[in-house]
Every structure is written in C-alpha cells, then in structure tokens.
2 protein chains.
Amino acid sequence: MNVNSGGKRVRRTPEEAKSLILSIASDRLSALGLEGLNISGVAKDAGMSHATVIHHFGSTGAMRKALLEKMTHDLLSDVMVALNHHEEPARVLDHLFEMLSHGGHGRLLAWLALDQQAFSPASESKGLFTDILNKIAEDSGDPVHAKQIIFLVAIAAMGKSICGDAIAGLIGINETEARQFPEWLAEHIQRI
Amino acid sequence: MNVNSGGKRVRRTPEEAKSLILSIASDRLSALGLEGLNISGVAKDAGMSHATVIHHFGSTGAMRKALLEKMTHDLLSDVMVALNHHEEPARVLDHLFEMLSHGGHGRLLAWLALDQQAFSPASESKGLFTDILNKIAEDSGDPVHAKQIIFLVAIAAMGKSICGDAIAGLIGINETEARQFPEWLAEHIQRI
DNA sequence: CCCACTATTGACATTCATGTTGATATATCT
DNA sequence: AGATATATCAACATGAATGTCAATAGTGGG
C-alpha cells in the first residue's frame, strides 16, 4: 500500500512525481472505486504528504482531470493502433470493451460525465476521437449507418464498463456467453 | 427551492415525509447531479432539518438506496406495462431510453453501480426485472439471442443515459438522427 | 381535557478532505 | 564548495457533511 516507508525524504522530478501520483490514483480507482480518488488517500498510498500532491496538480479536480486525460489518451491511441493494423472488428470491439472495463477507464469517464465536466472542448483527446470516427466511417463505406453504429458501440461500451457485470448477473449470462458478446455484436454490426 | 418557509412546525405522517424527501431528492438529482444527493442539501430544499431526514431513513446511504428502489420500481413497472400492452419494440425502446435519461434514473443507477451497491440480491425489483426478461424472451422465441439482445439493450440504455449527449456531440449526430436512434436500433434488433 | 406517542428541531460533537504557509532537504549549476 | 531553485513536509486553518441527543410540539386516543 504505502510506497515510501523509509524516513528519508525522496525528491523526484516533477514528471516522475506526477507519473507516480497518477499511477497510484489509477490503482485506487480500480480498487476502491471513485471514492478512492481523493488527494489524501492518493497521497497516503503514494507515501507522500497530500500537500505534495496539491503542489503538483493544484487541486483535487485538476488531478482527476489529469488522470482522465491520461487514461483517455491511452485508450484512444490503443484503439487507433488496432484500427490502423486492420484488425477484425471483433478484435477491436473486444479490445475496446476490455480497456474500458478494466482499471476503471469507463468508470472515471462516466463519473466525470455525470459531473458534466467530461469531454470538455479543450480536451486534447478530442482530435484523436474524431480521427477514429473518420477511420471507421471510411472503412465501413456507409456514413449514415456508420454514425448510428458508432453511437451504439460507444454507449454500449460505456454502459458495459459501468454495470455490465451486474446486468449480466441479473440476466443470467454465464462466463462463456459473456466472453462471446463482443464477437456476437461485431458479427451483427457487420450485417447492418 | 425551500418548501417550508413559514415558522410553524409541520408534522407529517411517516409516509408523507418519506415521499416528500424522496421527491426532493429526485429533483436535486436531476438539477445538481449526484453531488446534490446528500442529507443536508435535501433537507434544506425540503424545508426541514437534516436530523429529520436521518430520523426517517437512518443514514445517507439508506436514503439513497430508498430512492434507487423507488426509481427502479417506477421504471421497471412502466416497461412491464408497455410490454403487456404489446407495444411495438421501437416504442418500448424509446420509452426505456426516455425514462432512463430523464430525471436521472440512469444516473442514479450508474452511480450506485459504481459504488458496487446496486442490484443487491435483496432488491425488491429483481423479480420485476426477471419478469421482463421472461416476457421478452417469450415474445422473441429465440432464447439464446434474446439474452445477448437484452444485454445489449440494457447496457446501451445505461450508457446513453449517462453520456449519450456528450458522445452524440462528439460524433456529430444532429437532433433528428438522435431521435431516430431508438427506432433504428429496434429495427436492426428485430432482424437478428 | 389530559396523556402517550412520535415527528421535528437546534445545538453539539466528530470526522474528514481540502487548501495554505513557512520551513527544510535535496538536486543542479557555477 | 557555495548558491539557487524547488520538491517535500508538518502544522494549521477552514469548511462541509454526518450523526447524536435532549427538548419541543403536533396528533390522536382515552
């Protein structure tokens, strides 16, 4: 849990410090949920005082925003790579679902969306997102349906990351059926 | 904002009090988002002391859980009615999306899901949910695909309620396209 | 009318997160 | 080595939310 248990004072470069902090924050997001994404807790787990965290990010909101930016960028660039490598749709979907569900990507996105701060126009990742959209639309050939399909996939991915397990449990979907879902969806999307 | 501005002390039946509190809480959820769902704020808007709210519900978490229970029940029974009236799938989907998006239904569900408290086994609405599942599976005739379809619709509905607007904005979906989405989805689901 | 019951309330205590400040330690440069 | 820059920290101040408790005030029954 605690990173720095020794008594010595550690001095990092600002980049190292920010990177460490965001890494710990990401871990806490996965382990504790959104409540774990506060300055005091993150600082404690990172083995530093909370004043240090504030020194680097300025405020709690800014830290969260930085984490969102990093996670979004990682996610989108990963999807972009998969698209450029001409992977089959099923693989891309699987990858997308996996990345959103794992580690709290989708959760953080949802949480910020619920706070009406997400997808701010100034977001650096917006360009990447539109790039992906263009790529998909270009590959599919049907721009009208493409929009609806992308919308469907996007909201489904978000919903699955947030409460996919709970809903699957309610419906009574077993392990293998759950694993097959991305493939199933990709197949039926291609038929449209 | 404030309900009781007079100086007189109002005495309600426990049922009236709970109903009023949950109503105010629902309003605050729509207006202020999840942050508005705390005892102090709700009590203030309801024109009573926060001690009264605690008296009726016991704790903040219990109040939230009660609100979730009520909203879920309202939502599911509405869907059940639509199904029993043999409305066309497009109408049912439209209705589902509308109810989840409006008034913060989906938001509260998502928030509680993020807190890993939602869909608790003891939930009274679980029975209603399985009823709906059986009804749909029975209507569709194909139990294998039915599960996947229901799963898709459920997670899509959740995702749309949380960040549908933001994603639609990113993709560049206009007003009419957005309105047509439920119909579009219903049509392609029926073809499966 | 009087009494029991309880919904309601103000005041208090507690906990916790956030943010500020001045001092200190450490890396880098000359 | 000495000086500079700044990353780090302990301590403090603040504010918000939660929960407890004893007292008060409506309500209904005898």
How close or far is atom [atom2] of [N] from atom [atom1] of [X], stated in whole angstroms?
X: Lys8(B); N: dT24(D); atom1: NZ; atom2: P; result: 19 Å
X: Glu15(A); N: dA27(C); atom1: CD; atom2: C1'; result: 14 Å
X: Glu16(A); N: dA27(C); atom1: CD; atom2: C1'; result: 12 Å
X: Met63(B); N: dG19(D); atom1: CE; atom2: C1'; result: 14 Å
X: Phe57(A); N: dT8(D); atom1: CZ; atom2: P; result: 11 Å
X: His55(A); N: dA5(D); atom1: NE2; atom2: P; result: 15 Å
X: Asn38(B); N: dA17(C); atom1: CG; atom2: P; result: 16 Å
X: Lys44(A); N: dC16(C); atom1: NZ; atom2: P; result: 10 Å

**Study point:** NZ/NE/NH1/NH2 to OD/OE distance under 4.0 Å, Glu87(A) and Arg91(A)
**Key:**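 Answer for the salt bridge query: yes.
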
Point to revise | Electrostatic pair Lys135(B):Asp131(B) at N-O distance under 4.0 angstrom | key: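 Not counted as a salt bridge, because no side-chain N and carboxylate O are separated by less than 4.0 Å.
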
Check your understanding: Below 3.5 Å, does any donor atom in the side chain of Arg12(A) face an acceptor in the base of dT8(D), or the other way round?
Key ->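 Result: no qualifying N/O pair found.
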
Point to revise | Donor-acceptor pair present, Arg9(A) side chain and dT8(D) base, under 3.5 Å | key: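 Looking at the base of dT8(D), it does pair with a donor or acceptor on the side chain of Arg9(A) (distance under 3.5 Å).
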
Is [X] near enough to [N] that one of its side-chain N or O atoms lies under 4.0 angstrom from OP1 or OP2?
X: Thr52(B); N: dT9(C); result: yes
X: Thr60(B); N: dG19(D); result: yes
X: Ser40(B); N: dT18(D); result: yes

Given [options], the nucleotide with the shortest approach to the side chain of [X]:
X: Arg11(B); options: dA7(D), dT20(C), dT27(D); value: dT27(D)
X: Ser49(A); options: dC21(D), dA10(D), dA17(C); value: dA10(D)
X: Ala51(B); options: dG10(C), dT8(C), dT8(D); value: dG10(C)

**Study point:** His56(A) or His50(A), whichever maps to the more 5' nucleotide of DNA chain D
**Key:**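 It is His56(A), whose closest nucleotide lies nearer the 5' terminus.
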
Review point. Between Pro14(A) and Ile54(B), which is nearer to the 5' end of DNA chain D once each is assigned its nearest nucleotide?
Key: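 Its nearest nucleotide lies further toward 5', so the answer is Pro14(A).
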
Check your understanding: Nearest heavy-atom pair of Lys18(B) and His56(B): which atoms, and what distance?
Key ->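 Between these two residues, the closest heavy atoms are CE-O, 3.6 Å.
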
Practice item. Take the angle between the ring planes of Phe181(B) and Phe151(A) and call it parallel below 30°, perpendicular above 60°, tilted in between. Key: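 The arrangement is perpendicular - the two ring planes meet at more than 60°.
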
Practice item. Tell me what Ile39(B) touches on the nucleic acid: a base, only sugar-phosphate, or nothing, going by heavy atoms under 4.0 Å. Key: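 Since only primed, P, OP1 and OP2 atoms lie under 4.0 Å of Ile39(B), the category is sugar-phosphate.
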
Practice item. Assign Thr13(A) to base, sugar-phosphate, or nothing according to its heavy-atom contacts below 4.0 angstrom with the strands shown. Key: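 Thr13(A): no heavy atom of the nucleic acid under 4.0 Å.
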
Exercise for review: For ring pair (Phe, Tyr, Trp, His ring centres under 6.0 Å), just list the numbers for His50(A) and His55(A), CA-CA rounded to whole Å, side-chain angles, deciding distance to a tenth of an Å, and then say yes or no.
Suggested key: CA-CA 9 Å; His50(A) 79 279; His55(A) 167 74; over 10 Å; no

